[in-house]
Amino acid sequence: TFPDALLFVLSAFFRKIFILQLVGLVLTYNFTNCDFEKIKQKYQKTIYDDLKEYMNGTRSTQFNSTVSCNNRADCLAAIERLTFRPPRGCASLAGEAFALRTDATFTLQCPGYSSAQIHNTQAAKKRKKREVTTNKCLEQVSQLLGLWGRFCRTFRKQ
Amino acid sequence: MTILGTAFGMVFYLLQVVSGESGYAQNGDLEDAELDDYSFSCYSQLEVNGSHHSLTCAFDDPDINSTNLELEICGALLEINCLNFSKLQEVYYIKTKKFLLIGDSEICVKLGEKSITCKKMNIVKIVKPEAPFNVSVIYREGANDFVVTFNTSHLQKKYVKNLMHDVAYRQEKDENNWMHVNLSGTKLTLLQRKLQDDAMYEIKVRSIPYSSDYFEGFWSEWSPSYHFRTPETKRAEEMDPVLLTISISSFFSVALLVVLACVLWKRRIKPIVWPSLPDHKKTLEQLCKKPRKNLNVSFNPESFLDCQIHKVDGIQSRDEMEGFLQESFPPQPEESEKQRLGGGVQGPNWSPEHTVITPETFRGESPLECPAGNGSACDVTILPSPRSPESGKNGPHVYQGLLLSPGTTNNILPPPFPLQSGILTLTPVAQGQPILTSLGPSPEEAYVTMSSFYQNQ
């Protein structure tokens with residue numbers, strides 16, 4: 001019957017989602033052992049200017065802050081997720097200068113990170129045309145600015 | 001034989017190859033001359049042309065033949081793996097936006113496809129800032145100092161913003177005696193007293209990335225020099241002539257004031273500042289001045305027996321007085337005895353008209369003047385006092401609380417001499433009124449009264 005079939009499909013669907021979440025948890029890098037001071041310095045000297053340049057005059061207060069983090073490692077994980085796994089509406093930011101610098105920073109300052117994101121970086125390099133800056137992407141970059149600022153403030157207290 | 005020849009050939013070949021690869025130099029030193037020949041140095045300049053960066057490299061040995069040599073950079077690049085340098089004479093350079101600015105890059109010297117030597121470099125650690133410009137020096141006369149200002153293009157850059165500046169200055173005649181001042185801003189103040197007067201100076205500036213910053217590197221080129229001359233300054237001993245004149249005149253004025261104060265202290269200043277209290281004896285002496293000739297002043301009433309005494313209770317004008325005196329002073333000594341100056345003692349024939357006596361006439365010319373030789377008769381001892389209607393002729397006469405003896409009632413006393421130059425008027429006085437009245441205050445009344453009191457006693 002139709003309800004039985006629907007139940008079967010939905011259960012398979014939710015099962016897949018559950019498995020993917022588990023995989024994501026397992027494969028997410030643990031940023032606890034990173035050199036936070038050097039990451040902060042690289043962000044302040046290079047990545048911040050790239051993010052501001054990407055926003056290109058758009059005020060960050062235009063968007064609501066929907067993502068937050070509790071500690072340094074959590075902040076870096078959120079930054080990594082938003083930078084290299086953007087939600088729908090913004091295809092990818094991995095090819096942008098700030099994303100490449102973020103990747104390089106994590107690779108240098110976080111032991112064991114480099115192998116996780118190189119493939120994404122390589123894929124971004126092959127792209128010939130730049131992604132059109134959509135409003136969704138601007139919102140995402142605004143969230144990134146908030147996360148990086150939170151990371152610096154959290155780092156200052158600890 | 002063949003084997004032996006082959007063996008020797010191989011030996012010689014090996015010797016040649018070994019000697020070639022080991023870099024056997026002509027001087028006999030077994031050095032790796034190929035690597036040293038291709039050593040190079042690089043520096044980077046970020047945002048030198050808008051958002052474009054530059055990387056410049058050159059071989060350390062200027063004599064090297066770099067005709068077929070190329071340089072390549074790989075790693076720490078955005079979106080690409082490697083970049084090739086361009087060549088301009090003996091210098092290799094790249095202009096690009098694709099520096100990652102994070103992590104190390106590898107720069108290799110390539111001869112064809114073969115890398116001869118490579119070096120790892122971090123682009124952010126070999127930054128050479130652009131040279132400062134617009135150096136200027138302004139002299140501030142009020143502050144006695146020189147303000148040095150200059151400009152740098154890094155103030156508007158994104159990455160290399162924090163620089164340390166080195167300001168060097170010297171006197172032009174001192175060839176190598178450069179003074180150095182380090183500062184992080186673009187403004188410097190030089191005190192005039194630390195510079196020579198009336199001398200020409202040369203000044204220039206260079207910059208380097210701040211050592212504690214993320215970016216590091218080398219000194220920039222020197223800015224163009226600026227030349228300025230220090231002014232002549234007046235000697236310390238020379239003072240402004242106007243100020244000197246004012247100082248000297250003030251000193252002398254003060255000295256003069258002090259001398260004058262000392263000299264005139266007793267005579268002029270002290271009486272004003274600390275006036276002395278009047279001495280009653282001296283005051284009395286002043287009051288009772290030596291009379292003129294033929295004017296006897298006495299407090300003995302018997303001296304004035306021949307004098308006509310009129311009551312005086314007011315002061316009028318002089319002209320009026322003179323006329324009045326001519327009319328109202330009849331030469332009747334008997335009648336004058338009956339006339340009293342005070343109220344209450346008044347005869348039935350008392351004229352109500354006023355009689356005016358001036359102080360002059362009163363003293364020397366008045367009818368009160370006693371004829372010569374009758375000075376004793378003109379002595380006046382006491383004034384008549386107002387008598388109540390009830391009291392009889394022979395009753396005691398009281399004047400201001402003093403008791404008159406009967407014998408003195410016939411004596412007529414002139415009114416007290418007012419010191420002020422006023423005119424006394426003679427008016428009829430009602431009974432009971434005081435004998436004498438005057439327009440002005442007469443503080444000497446008390447003295448006269450007291451003296452007459454003692455006389456009577």
Side-chain angles (χ1 to χ4, degrees), chain A residues 34-57 76 79-80 83-84 92-111 113-115 117-131 148 152 155, chain B residues 44-55 73-84 94-106 120-129 153-164 184 208-217:
Chain A
C34 295
D35 189 342
F36 298 114
E37 184 176 350
K38 289 188 178 175
I39 290 175
K40 178 187 172 187
Q41 188 184 41
K42 286 175 170 57
Y43 162 72
Q44 288 176 333
K45 296 300 179 182
T46 60
I47 300 170
Y48 171 78
D49 290 306
D50 295 335
L51 290 169
K52 295 298 283 187
E53 190 177 339
Y54 186 91
M55 294 296 286
N56 194 20
L76 291 180
I79 289 167
E80 190 261 353
T83 303
F84 303 108
S92 178
L93 298 173
E96 300 297 331
F98 67 84
L100 295 173
R101 289 191 168 116
T102 302
D103 181 54
T105 301
F106 289 165
T107 304
L108 279 173
Q109 309 305 330
C110 296
Y113 175 84
S114 61
S115 61
Q117 300 303 325
I118 284 178
H119 297 295
N120 284 343
T121 306
Q122 293 293 342
K125 288 176 188 175
K126 290 178 182 176
R127 208 174 295 115
K128 290 182 179 178
K129 290 184 180 178
R130 184 182 171 175
E131 294 288 338
W148 275 112
C152 293
F155 179 83
Chain B
S44 63
Q45 289 184 308
L46 305 183
E47 298 173 279
V48 66
N49 187 8
S51 59
H52 282 79
H53 316 304
S54 74
L55 178 63
I73 180 171
C74 295
L77 297 172
L78 289 169
E79 298 176 356
I80 53 175
N81 285 331
C82 296
L83 276 174
N84 287 321
I94 285 179
K95 281 196 177 164
T96 180
K97 291 195 288 186
K98 296 186 184 302
F99 288 140
L100 191 62
L101 303 181
I102 295 175
D104 294 337
S105 300
E106 193 172 48
K120 268 194 177 177
M121 288 186 184
N122 193 333
I123 299 295
V124 302
K125 301 299 180 187
I126 53 170
V127 176
K128 181 179 179 180
S153 58
H154 287 266
L155 294 173
Q156 289 85 32
K157 295 187 189 299
K158 278 192 307 183
Y159 300 117
V160 186
K161 285 182 280 195
N162 297 329
L163 297 175
M164 173 71 77
S184 57
I208 191 171
Y210 218 75
S211 59
S212 61
D213 201 6
Y214 178 69
F215 299 95
E216 296 175 10

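Throughout, a chain's letter reflects where its sequence line sits, starting with A, and its residues are numbered from 1. A quick note: this is a predicted structure, and the numbers were derived from the prediction, not measured.
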- Task: Could you list the residues that satisfy ring pair (Phe, Tyr, Trp, His ring centres under 6.0 Å) with A/F98, not counting sequence neighbours?
- Result: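 A/F98: ring pair (Phe, Tyr, Trp, His ring centres under 6.0 Å) contacts with A/Y54.
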- Item | A/L100 and its side-chain contact (heavy atoms from CB on, under 4.5 Å) partner, picked from B/L100, B/L77, B/I102 |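 For A/L100, the side-chain contact (heavy atoms from CB on, under 4.5 Å) check succeeds only for B/L100.
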- Message: Please identify which of these residues, A/K42, A/K38, A/Q44, meets the side-chain contact (heavy atoms from CB on, under 4.5 Å) condition with B/Y214.
- Response: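 With B/Y214 as partner, side-chain contact (heavy atoms from CB on, under 4.5 Å) holds for just one option, A/K42.
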- Rounded distance [0.5 Å steps], CD in A/Q41 versus CG in B/D213: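 Between atom CD of A/Q41 and atom CG of B/D213 there are 7.5 Å.
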- With sequence neighbours excluded, residues passing side chain to side chain donor-acceptor pair (under 3.5 Å) with B/K158: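 Applying side chain to side chain donor-acceptor pair (under 3.5 Å) to B/K158 gives A/E53.
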- Query: Counting heavy atoms not belonging to B/K125, are there more than 12 under 6.0 Å from its NZ?
  - Reply: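 Atom NZ in B/K125 is packed in, count exceeds 12.
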- Message: Looking at every non-hydrogen atom in both residues, tell me the closest pair between B/Y159 and A/T46 and how far apart they are.
- Response: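 That would be CE2-CA, 4.0 Å.
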- Side chain / backbone / both / neither for B/N162 at chain A, heavy atoms under 4.5 Å: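 Just the side chain, heavy atoms under 4.5 Å.
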- Could you tell me whether the side chain of A/K45 reaches within less than 4.5 Å of the side chain of B/L101, counting heavy atoms only?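 Result no, sub-4.5 Å side-chain heavy-atom pair not found.
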